[in-house]
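Everything on this sheet refers to the single structure shown next.
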Amino acid sequence: MLQVSFIREHRDLVVERLAKRNLDATQMVDEAIQLDEERRAIQTELDNTLAESNSLSKEIGMLFKSGDVDKANALKTKTTDLKESSKSLSEQLATTSNALNELLYKIPNIPHESVPNGTSDEDNEEIFKEGAIPKLHDNALPHWELAKKYDIIDFELGNKIAGAGFPVYKNKGARLQRALIAYFLDKNTEAGYTEYQLPHLVNEASGFGTGQLPDKEGQMYHVTEDNLYLIPTAEVPGTNIFRDVILDQSELPVTITGYTPCFRREAGSYGAHVRGLNRLHQFDKVEIIRVEHPDNSYNAFNGMIEHVKTILNELKLPYRILKLCGGDVTFASALTYDFEVFSTAQDRWLEISSVSNFETFQANRLKLRFKNNEGKKELAHTLNGSSLALPRVLAGILENYQTEKGIKIPDVLIPYTGFSIID
RNA sequence: GGAGAAAUGGCAGAGUGGUCGAAUGCGGCAGUCUUGAAAACUGUUGAGGGUCACACCUCCGGGGGUUCGAAUCCCUCUUUCUCCGCCA
């Protein structure tokens with residue numbers, strides 16, 4: 001959520017930047033400014049009314065104490081009007097504030113100035129590419145065929161137990177999953193991130209804090225009886241650690257990492273693009289989250305990109321980095337880079353990580369602040385990224401590392417798997 | 001799941017209708033003293049709105065109510081603790 005004060009002071013900039021999202025926000029922005037003015041005017045009037053009523057009450061108290069009951073009772077009647085007007089003013093205030101907030105929830109984050117214009121993922125800018133695409137043998141298979149051939153993932157079984165999109169990993173497939181999780185967490189903690197194990201269900205306030213609620217409710221599984229939501233990403237419980245928190249500047253940056261399963265309803269399309277591990281209702285992911293001083297957040301962002309690159313280089317997977325265009329950058333993000341790994345047998349790129357700087361957009365909802373060196377409170381910047389999402393990394397490994405004899409395991413993973421080939 | 005108790009500032013903990021945004025202690029910060037540190041002493045120390053700055057307003061788990069006036073009384077929800085039951 002953008003800060004109204006920022007919108008008020010940078011009206012033109014906000015409209016101009018939101019245009020990158022192909023959104024004409026002029027009307028929303030002006031309405032927000034208008035509502036904010038109304039809100040403050042009502043607030044002032046209400047404050048004055050309450051001030052008057054407070055001082056009368058005090059006076060009445062004094063009069064009772066001194067035994068001047070008649071005078072006190074006379075004053076009591078005076079307060080009736082004040083009560084009525086303060087009641088109606090409070091109602092007006094609530095109405096206006098709600099209207100303002102409803103509006104603010106709908107305004108997406110303003111993209112960073114470097115975000116390219118564009119309308120869809122086709123306009124994303126490839127900014128980096130690494131790793132040779134392997135030349136596969138003639139009988140190369142897509143990962144879902146490999147999974148069957150080597151009996152490491154059972155999609156039908158998952159279908160029986162839960163439904164489509166809930167694969168069962170088994171044998172060396174299960175072990176490889178565990179290896180990847182451990183490897184990613186080790187890489188992250190070596191880089192200074194503190195490891196957390198977080199709840200997999202969150203309450204409404206948390207869903208709201210990171211922006212999944214109220215609008216993107218359909219994306220999450222909702223446990224209605226307890227009003228809890230299954231997390232779509234560790235970002236939700238991880239970032240909500242800092243809801244309503246005031247840090248000291250010296251505590252920044254805060255860096256955390258955590259492994260969680262992720263649950264997504266996304267009743268999406270069917271066909272080859274969602275086959276196998278490409279798109280699931282439940283998948284595993286290791287996430288990195290940072291809370292940064294605003295002056296350092298883009299520096300930190302670059303550091304996260306480098307960090308994810310290191311992991312992919314070690315896994316020796318062919319990948320590229322895309323800078324998302326205005327049309328593709330998510331609602332809460334100011335700048336997002338996506339990592340995609342090349343899935344050789346499918347001949348397509350698969351998104352395996354998304355690193356974003358939300359600037360103050362989440363912090364404003366979360367009320368995540370820090371006390372700066374002058375002792376003033378400022379909103380912090382939040383960032384997060386996947387390092388990494390498991391299924392597509394797994395798909396990438398299976399497809400790119402397949403040989404006639406079996407699927408080789410990337411060297412860095414062998415200490416974690418305890419085997420060097422799936423055959 | 002059943003019974004009981006509780007929820008106050010960073011923490012501990014007073015306050016049961018009238019200058020209470022809240023005693024006191026600890027912690028934090030600043031100062032005095034000291035070569036420096038500790039101790040001791042003095043001062044300071046919650047959040048949000050509002051203002052150029054003051055003033056002023058709101059907040060004592062959340063929501064609602066009673067009253068001229070509520071941290072304090074009533075209703076309700078949530079959470080925590082203790083005991084019992086169940087249990088990885």
Side-chain angles (χ1 to χ4, degrees), chain A residues 1-9 32-101 103-104 197-209 213-214 222-229 237 240-252 254 261 291 360 363-380:
Chain A
M1 175 164 68
L2 296 172
Q3 295 168 88
V4 211
S5 55
F6 184 87
I7 295 177
R8 202 196 313 153
E9 285 156 29
I33 294 172
Q34 170 73 25
L35 281 167
D36 178 51
E37 260 169 42
E38 278 172 37
R39 203 212 82 224
R40 281 181 298 151
I42 296 167
Q43 178 85 63
T44 306
E45 207 180 333
L46 174 63
D47 285 357
N48 292 338
T49 311
L50 288 173
E52 200 174 332
S53 145
N54 282 347
S55 76
L56 273 177
S57 289
K58 268 178 195 167
E59 213 175 311
I60 291 169
M62 303 285 231
L63 288 171
F64 272 125
K65 256 188 184 163
S66 62
D68 205 340
V69 181
D70 290 345
K71 227 175 185 176
N73 282 329
L75 278 184
K76 270 198 201 181
T77 59
K78 260 186 148 179
T79 60
T80 317
D81 285 351
L82 289 172
K83 267 186 105 177
E84 263 169 42
S85 56
S86 70
K87 196 181 171 195
S88 111
L89 283 166
S90 314
E91 279 162 14
Q92 283 178 54
L93 183 67
T95 310
T96 312
S97 301
N98 288 341
L100 176 60
N101 285 331
L103 184 59
L104 289 174
Q197 283 208 18
L198 296 158
H200 300 166
L201 281 85
V202 294
N203 58 27
E204 228 173 354
S206 294
F208 178 82
L213 298 176
H222 188 190
V223 182
T224 51
E225 196 168 356
D226 300 290
N227 199 23
L228 294 170
Y229 294 85
N240 272 283
I241 293 171
F242 305 102
R243 173 152 46 85
D244 293 317
V245 164
I246 301 175
L247 296 161
D248 193 84
Q249 180 163 337
S250 63
E251 295 175 82
L252 297 176
V254 181
V291 179
T360 59
N364 190 33
R365 280 196 169 205
L366 292 162
K367 296 200 176 18
L368 161 55
R369 289 157 294 168
F370 68 97
K371 201 172 266 188
N372 68 22
N373 289 338
E374 285 85 57
K376 292 218 167 145
K377 285 170 287 285
E378 264 185 76
L379 290 173

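Here the structure is a predicted model, which is why all the values come from computation and not from measurement. Numbers restart at 1 for each chain; the letters A, B, ... are given by sequence-line order, proteins then strands.
With sequence neighbours excluded, no residue forms a side-chain hydrogen bond (donor to acceptor under 3.5 Å, both in side chains) with E37(A). Under the rule for a side-chain hydrogen bond (donor to acceptor under 3.5 Å, both in side chains), the partners of E204(A) that lie at least two apart in sequence or sit in another chain are N227(A). Applying the salt bridge (Lys or Arg N to Asp or Glu O under 4.0 Å) test to D36(A) and every residue at least two apart in sequence or in another chain returns R8(A), R39(A), R40(A). Residues forming a side-chain hydrogen bond (donor to acceptor under 3.5 Å, both in side chains) with N364(A) (at least two apart in sequence, or on another chain): none. F370(A) meets the ring-ring contact (aromatic ring centres under 6.0 Å, His included) test with H293(A); sequence neighbours excluded. Every ring-ring contact (aromatic ring centres under 6.0 Å, His included) that H222(A) has, sequence neighbours left out, goes to Y229(A). In this structure, the side-chain contact (heavy atoms from CB on, under 4.5 Å) partners of K367(A), at least two apart in sequence or on a different chain, are D244(A), R369(A). Scored by the side-chain hydrogen bond (donor to acceptor under 3.5 Å, both in side chains) test, S55(A) finds no partners at all (sequence neighbours excluded).
Across the strands present, U32(B) finds its partner in A40(B); the criterion is a Watson-Crick or G-U wobble pair with both atom distances under 3.5 angstrom. The partner of A5(B), taking Watson-Crick or G-U wobble pairs whose two distances both stay under 3.5 Å, is U80(B). Nucleotide C20(B) has no partner under the Watson-Crick or G-U criteria, as no pair reaches both atom distances under 3.5 Å.
Within 6.0 Å of CD on E45(A) lie no more than 12 heavy atoms contributed by other residues, nucleotides or ligands.
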For nucleotides 18-21 of chain B, give me every protein contact, N/O to N/O, under 3.5 Å, one pair per line with atom names.
unit_1	atom_1	unit_2	atom_2	d
G18(B)	N2	S57(A)	O	3.0

Under 3.5 Å, which protein N or O atoms sit close to an N or O of nucleotides 59-63 of chain B? Give each pair with its distance.
none

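Of the residues in residues 84-97 of chain A, not one places a heavy atom less than 4.0 Å from an atom of RNA chain B.
Formation of a donor-acceptor pair under 3.5 Å by the S53(A) side chain with backbone atoms of T49(A) is not found in this model.
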Tell me, for nucleotides 43-58 of chain B in 5' to 3' order, what letter each nucleotide earns: B for a base near a protein heavy atom under 4.0 Å, S for only sugar-phosphate near one, - for neither? ----SSBSS----SSS

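A close approach under 4.0 Å does not occur between any side-chain nitrogen or oxygen of K83(A) and OP1 or OP2 of U67(B).
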